[in-house]
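One structure is given here, and the rest of the page talks about it.
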Amino acid sequence: MMSGKKISGTAYYALAFGLFLGLCLWKFGNPVILDGNITPPVTPSDFLNDPWPTRWAGPIFLLLALPGAAMACSKKPRGPGTKWLWLPPLSWLGWQLLSATQTVDATLTSATLWQFFGCVACYFLGALVLGSEPMVRWLLIGVLAAFTFCLVRAVDQRLFEFPQGRQMLIEGERGNWTNLPPETLLEMKRDNVIITTNGMDVANPAILAKFAKGRVNGTLVYPNALAGAVLLLFPVSLARAFNDTRRLRPAIRTIVITLALFLGGAGFFWTGSKLGWLIAIAAGAIFLFRFKWPARFKWPALTMVLLLGLGIFIIRFHTYFAGGATSASARLDYWRAAAQTTIAHPLLGTGPGTFQRPYAKLKSPEAEMARLTHNDYLEQFSDSGIAGGIFYAAWIVTALAIPGRRLWKSGSPLTFAIFIGLLGWFAQGIGEFGLYVPALAWTAFTLLGCLLGLSANQMDKPAAAN
């Protein structure tokens, strides 16, 4: 790809767009509906260390999307075998616009529509501009660099930041916070790390509990979001680590592969994601099933993966289930309310991104408030009606199933790794809200479009040979 040949304009564009997605992984890891809760950075330290308001991502994206659209229009259209795959995303986005006319909260819907525009635009840019293996490799430079930084941050949280932060809060509370400079104390109060109870400044119990649990989130909003990033990008990271290092010295290659395995594996394990773990087991089984091994080797290997994965799951999370599986119970309440909202508003829903408004009226008295359904598919039904939910589900199923079927036997390791990552991330959507996080959704839909483009290129090869 970089062997002395002149680098094309499309390659530069792929590199720039990948760097933008990397910036999203670094700075835009919060749901768009929480944009108003994010304090804009002021000082250079704030810009470097804190998340940025998600509304800042839109203008940057437009600067990149416009030249990408021009490149897409200048390219030869895809063959008839893939043209109809444009219909579900356009139908879904069109229905979101229609639903927005009847929204119960214009502010939430406006932020959500920008996010959805980005998802669809990323999909088309991936398919029409970036959907070839050389362009995907350029794209992944920025994406995987930021993903590596996110994982390093997660490991640092587990090994250093959380234990040190917890110790500092405990000692500070014991010493009446005399160990902290006044400006640091004010900042920690502003961030609710220190709260005032009965006239006394104490460490926020929720923060202490977070540090004690040690569940890492890297640069993203919370641990399950990081688990989603690992499901999406760890397979392609391993594909690059194993296949692109073959010309390196054995010692260096071993170091690269070991670091990739450690960062991805440790970061994922320390997220403590239950659903993510089950999806990872399934993804590993699918990966093994693709190997052209004799049945007498393949089935024992699959059985071993399932038994080992489920055994670790049971051992690791038995206290969670013994304690009543509170987060799973909470999700059931969200989903019940979403179903009720769909029944009450079957045509257009309550407006994109507005689940929290009907949920505030429908939630169980003992349930905590939630802003999102924690199920991307069900939220489409609740927020935009039955048609909106069907269009979104049809988009994801067709965009995964048709390219996946084509690439199952003939796809390259890189292409298949992208498919496995996408399969895992969209499966996680049944219990999470990644669709509303620019860092995750825009990266995923770009790769989904790339998968469609790679699939079409694969289909064109036999035709060219004939």
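All residue numbers in this chain count up from 1 along the given sequence.
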Taking atom CZ of Phe287 as the centre, does the number of heavy atoms from other residues, nucleotides or ligands within less than 6.0 Å exceed 12?
-> no
Minimum side-chain heavy-atom gap Val129-Met135 below 4.5 Å = no
Measure the shortest side-chain to side-chain distance between Thr373 and Trp335 over non-hydrogen atoms and say whether it is less than 4.5 angstrom.
-> yes
Flag this pair as yes if the NZ/CZ of Lys274 is under 6.0 angstrom from the six-membered ring centre of Phe313 and inside a 45 degree cone about the axis; otherwise no.
-> no
Stepwise salt bridge (Lys or Arg N to Asp or Glu O under 4.0 Å) check, Arg331 with Glu432 = CA-CA 9 Å; Arg331 279 169 170 76; Glu432 289 300 329; 2.6 Å; yes
Does the side chain of Val236 reach to within under 4.5 Å of the side chain of Val136, using non-hydrogen atoms?
-> no
From Leu407 CG over to Ser412 OG, what is the distance, rounded to the nearest 0.5 angstrom?
-> 8.0 Å
Testing Phe391, Trp395, Phe381 for ring pair (Phe, Tyr, Trp, His ring centres under 6.0 Å) with Trp92, which one passes?
-> Trp395
Quickly, which of Leu231, Leu232, Leu238 forms a side-chain contact (heavy atoms from CB on, under 4.5 Å) with Phe234? Name it, please.
-> Leu238
If you draw the axis of the six-membered ring of Phe242, does the NZ or CZ of Arg253 fall within 45° of it and under 6.0 Å from the ring centre?
-> no
May I have the step-by-step check of ring pair (Phe, Tyr, Trp, His ring centres under 6.0 Å) for Trp277 and Phe317, ending in yes or no?
-> CA-CA 10 Å; Trp277 188 267; Phe317 299 118; 7.1 Å; no
Considering only NZ, NE, NH1 and NH2 on the basic side and carboxylate oxygens on the acidic side, decide whether Arg137 and Asp244 come within less than 4.0 Å.
-> yes
Close side-chain approach of Thr341 and Pro358, heavy atoms under 4.5 Å | yes
Qualifying residue, where the test is side-chain contact (heavy atoms from CB on, under 4.5 Å) with Ile194 and the options are Asp201, Thr184, Ile207 | Asp201
Short N-O contact, Glu368 and Lys363, less than 4.0 angstrom | no
Side-chain contact test, heavy atoms from C-beta onward, threshold under 4.5 Å: evaluate it for Phe419 versus Leu414 and give yes or no.
-> no
For Phe355, ring pair (Phe, Tyr, Trp, His ring centres under 6.0 Å) partners two or more places apart = Tyr359
Within-4.5 Å side-chain heavy-atom neighbours: Asn30 and Trp52 | no
Working for side chain to side chain donor-acceptor pair (under 3.5 Å), residues Arg406 and Ser455 = CA-CA 6 Å; Arg406 293 173 183 166; Ser455 168; 3.0 Å; yes
Distance-only donor-acceptor check, side chains Asn217 and Arg153, under 3.5 Å = no
Before giving the answer on side-chain contact (heavy atoms from CB on, under 4.5 Å), spell out for Met168 and Met188 the whole-Å C-alpha distance, their side-chain angles and the decisive distance to 0.1 Å.
-> CA-CA 12 Å; Met168 180 195 70; Met188 294 176 74; 3.5 Å; yes
Student check: side-chain heavy atoms of Cys119 and Leu435 closer than 4.5 Å | yes
Worked verdict on Phe160 versus Val155 for side-chain contact (heavy atoms from CB on, under 4.5 Å) = CA-CA 8 Å; Phe160 304 104; Val155 171; over 6 Å; no
Does the ring pair (Phe, Tyr, Trp, His ring centres under 6.0 Å) test come out yes or no for Phe61 and Trp442, once each step is laid out?
-> CA-CA 10 Å; Phe61 178 73; Trp442 290 0; 5.1 Å; yes
Could you check Thr258 against Thr254 for side chain to side chain donor-acceptor pair (under 3.5 Å), going step by step and ending with a plain yes or no?
-> CA-CA 6 Å; Thr258 302; Thr254 301; over 6 Å; no
Which class fits the ring pair Tyr392 and Tyr377: parallel under 30°, tilted 30 to 60°, perpendicular over 60°?
-> tilted
Does the side chain of Asn243 pick up a donor-acceptor pair with the side chain of Arg240 at under 3.5 Å?
-> no
Test ring pair (Phe, Tyr, Trp, His ring centres under 6.0 Å) on Phe28 and Trp56 and set out the steps.
-> CA-CA 9 Å; Phe28 301 120; Trp56 289 8; 7.6 Å; no
Would Tyr436 and Phe116 count as a close aromatic pair, with their ring centres under 6.0 Å?
-> yes
Side chains of Ser327 and Tyr320: do they bring a donor and an acceptor to under 3.5 Å?
-> yes
Is there side-chain contact between Ser237 and Phe147, with heavy atoms separated by less than 4.5 Å?
-> yes
Any chance the rings of Trp138 and Phe17 have centres within less than 6.0 Å?
-> no
